[in-house]
Amino acid sequence: MDNQKLKLTTILSYGMSYGSGYQIMGSLVGAYLMIFFTDTFGVPAAAAGVIMVLASVWDAINDPIMGVLADKTHTRFGKFRPYLLWVPACLTVAVVCLFMCPNLSPSGKIIWAAVFYILYGMLRTAFEIPCNALINAVTDVETERQKLISTYTQIMGIFTALTTSFALSMVSFFGGENTAKGYMIVVGLSGILMTVFSICLFATTKEKYTVESKDTKLPLIKQLGLLKTVKGLIPSLIVWIAGYIGFNVMMSSSVYYVMYCLVRPDLIGQYMMTISLVGLLSPFILIPLFLKLFKSLKMAFIASQLFTLLCNLCCLLLKDNIPFIFIFSGLGALFATMFMVYGAMLMTVVTDQSYMQTGIIMNGTIAALKGFSNKFGIAVSNGLLSSVLAMTGYIANAVGQEPQSTVTGITLVRFGVPMLMALIAVCALSSLPSPRCIDKESII
């Protein structure tokens, strides 16, 4: 055990690399890409949903492979740090192209959207895996790992709140009436910010805990096969998938909900600001409070999911009362955002557990599974939303004229799906071992 504390520059560069420009781009894609495709670029809702599904299928194959490749990377700079030097710039180019509006035929637009959305997912994998894997590589002290997680979550919350609250204003400022231009400038500037801080992260970190294990040359397929022997991995994977679906559904459907269900497009900014700014309080206040009250990660995690379920139920029952919708949506976001920190804490413990049980370093592989869960959650949330829009007769830009079936469908997606995902997460968490304080002897 190395009790040396991480340097402040390391903690801050990690938080800014993973939590600033990267999160601005991720928030724009998660909350606004679907409506950009359907209402600006002109991609049919059904086609957009198919693209999301196909991308998630590829992610299911690509992410674990990328995780193993990262674990098998050998350079004088380490296993994970080299990816920080080139991936951010490539990811920036891909996202800028994702928000372009080239003058193409309807089929050409579908192909363009599919190519760059899949490329976006692949490059996001190549960035997220090294960042997540670095947590266990730079320190083996649990409290220091929690500092990294808490710092990037707090910074992520700030930038996510700013993005979801003021994204449309920023797009309008930079693009005027040209929405696509506005999006491209915003994501381009975000990418520059991410690239700069990723280089800083490369310069301020050192991988101390990636010594080679006894089975370095183990074939990729056999190494992936060992995952099924890791205690608690399957329930943890279910928790990550359910949590990300619930969170991303909340973000991707909110604009549609305010515009077409509340019929108040003028409140989109205020609503997104409410769920973002209130959610920002989680890592600062509720995360440590719940851990102290419930004595273990497992019980604190379960409590946060139950409160998330309750708040969404209140919104579903009080759907005609806008003030209450704002209140309970904000509270629901407050508890839902806790998943980000608790999910990352669970990842670091499962990573330790995998090494203790297999004798093989699988930092990148475990990080890949969590990263896949995130992208799968985005794909499912957008795919589900697009399917509901297509099946219920959605009419683009028809505020106040949508059929009741569309209004009902959007409402159920916005609040019913997060309720279901919270319930699934609670069941998966309950199947984990008996609650104990986080250490290297137990998953929780």
Side-chain angles (χ1 to χ4, degrees), residues 8-33 36 40-41 66 77 80-102 112-113 115-134 148 151-176 178-205 251 272 276 280 340 371 374-375 378:
L8 181 60
T9 52
T10 298
I11 295 174
L12 290 178
S13 61
Y14 184 86
M16 290 298 294
S17 174
Y18 202 8
S20 59
Y22 178 69
Q23 291 302 327
I24 294 175
M25 290 195 297
S27 297
L28 284 172
V29 172
Y32 297 102
L33 181 63
F36 173 83
T40 301
F41 193 25
M66 181 64 208
F77 300 117
F80 312 115
R81 292 168 64 236
Y83 293 95
L84 300 173
L85 294 178
W86 63 273
V87 173
C90 295
L91 178 59
T92 300
V93 173
V95 181
V96 169
C97 292
L98 193 59
F99 280 103
M100 279 186 181
C101 270
W112 179 278
V115 168
F116 284 104
Y117 186 77
I118 291 173
L119 183 60
Y120 160 76
M122 293 176 65
L123 290 168
R124 182 166 178 165
T125 295
F127 181 73
E128 282 190 349
I129 288 174
C131 283
N132 283 320
L134 271 175
L148 288 174
T151 300
Y152 94 70
T153 306
Q154 290 165 4
I155 294 174
M156 175 191 74
I158 292 171
F159 279 91
T160 300
L162 290 174
T163 305
T164 53
S165 301
F166 303 107
L168 296 182
S169 298
M170 291 189 292
V171 169
S172 177
F173 175 79
F174 287 111
N178 189 335
T179 304
K181 176 184 176 182
Y183 275 115
M184 287 190 292
I185 293 176
V186 172
V187 296
L189 293 174
S190 304
I192 293 173
L193 186 66
M194 174 182 63
T195 302
V196 169
F197 280 109
S198 293
I199 295 173
C200 291
L201 177 60
F202 173 87
T204 57
T205 52
M251 300 305 296
M272 298 303 289
S276 300
L280 181 59
M340 296 299 181
N374 185 12
K375 287 186 292 181
I378 294 174

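Computed from a prediction, not measured in an experiment: that's the story for all the values here. One is the number of the first residue; the rest follow in order along the sequence.
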Query raised in the report: So, does Arg124 use its side chain to make a donor-acceptor pair with the main chain of Tyr120 at under 3.5 Å?
Result: no

Report task. Return the set of residues passing ring pair (Phe, Tyr, Trp, His ring centres under 6.0 Å) with Tyr18 (not counting sequence neighbours), or none when no residue passes. Result -> Tyr22, Tyr152

Report task. Kindly write out the residues that satisfy side chain to side chain contact (heavy atoms under 4.5 Å, CB included) with Thr153, not counting sequence neighbours, or none if the list is empty. Result -> Ile149, Met156, Pro283, Met340, Val341

Report task. Report the C-alpha separation of Leu134 and Leu148 in whole Å, then their side-chain angles, then the decisive distance to 0.1 Å, and conclude whether the side chain to side chain contact (heavy atoms under 4.5 Å, CB included) test is met. Result -> CA-CA 10 Å; Leu134 271 175; Leu148 288 174; over 6 Å; no

Atom pairs and distances, side-chain donor-acceptor, residues 190-198, under 3.5 Å, sequence neighbours left out:
residue	atom	partner	partner atom	Å
Ser190	OG	Val186	O	2.7
Thr195	OG1	Gly191	O	2.8
Ser198	OG	Ser17	OG	3.0
Ser198	OG	Met194	O	2.8

Report task. Give a yes or no answer on whether the side chain of Trp112 reaches the backbone of Leu98 with a donor-acceptor pair at less than 3.5 Å. Result -> no

Requested in this report: Taking side chain to side chain donor-acceptor pair (under 3.5 Å) as the test, write out the residues that go with Ser13, two or more places apart.
Outcome: Thr204

Requested in this report: With sequence neighbours left out, write down each residue that passes side chain to side chain contact (heavy atoms under 4.5 Å, CB included) with Ile158, or none if nothing qualifies.
Outcome: Leu162, Leu280

Report task. Name all residues meeting the ring pair (Phe, Tyr, Trp, His ring centres under 6.0 Å) criterion together with Phe173; count only those two or more places apart in sequence or in a different chain, and write none if there are none. Result -> none

Query raised in the report: What pairs with Leu123 under side chain to side chain contact (heavy atoms under 4.5 Å, CB included), at least two apart in sequence or on another chain?
Result: Cys90, Leu91, Ala94, Leu119

**Report entry** Contacts of type ring pair (Phe, Tyr, Trp, His ring centres under 6.0 Å), residue Phe36, not counting sequence neighbours
**Finding:** Phe99, Tyr183

Query raised in the report: Would you say Tyr83 and Met66 make side-chain contact, with heavy atoms under 4.5 Å?
Result: yes

Query - Sequence-distant partners of Thr179, side chain to side chain donor-acceptor pair (under 3.5 Å), two or more places apart - result: none

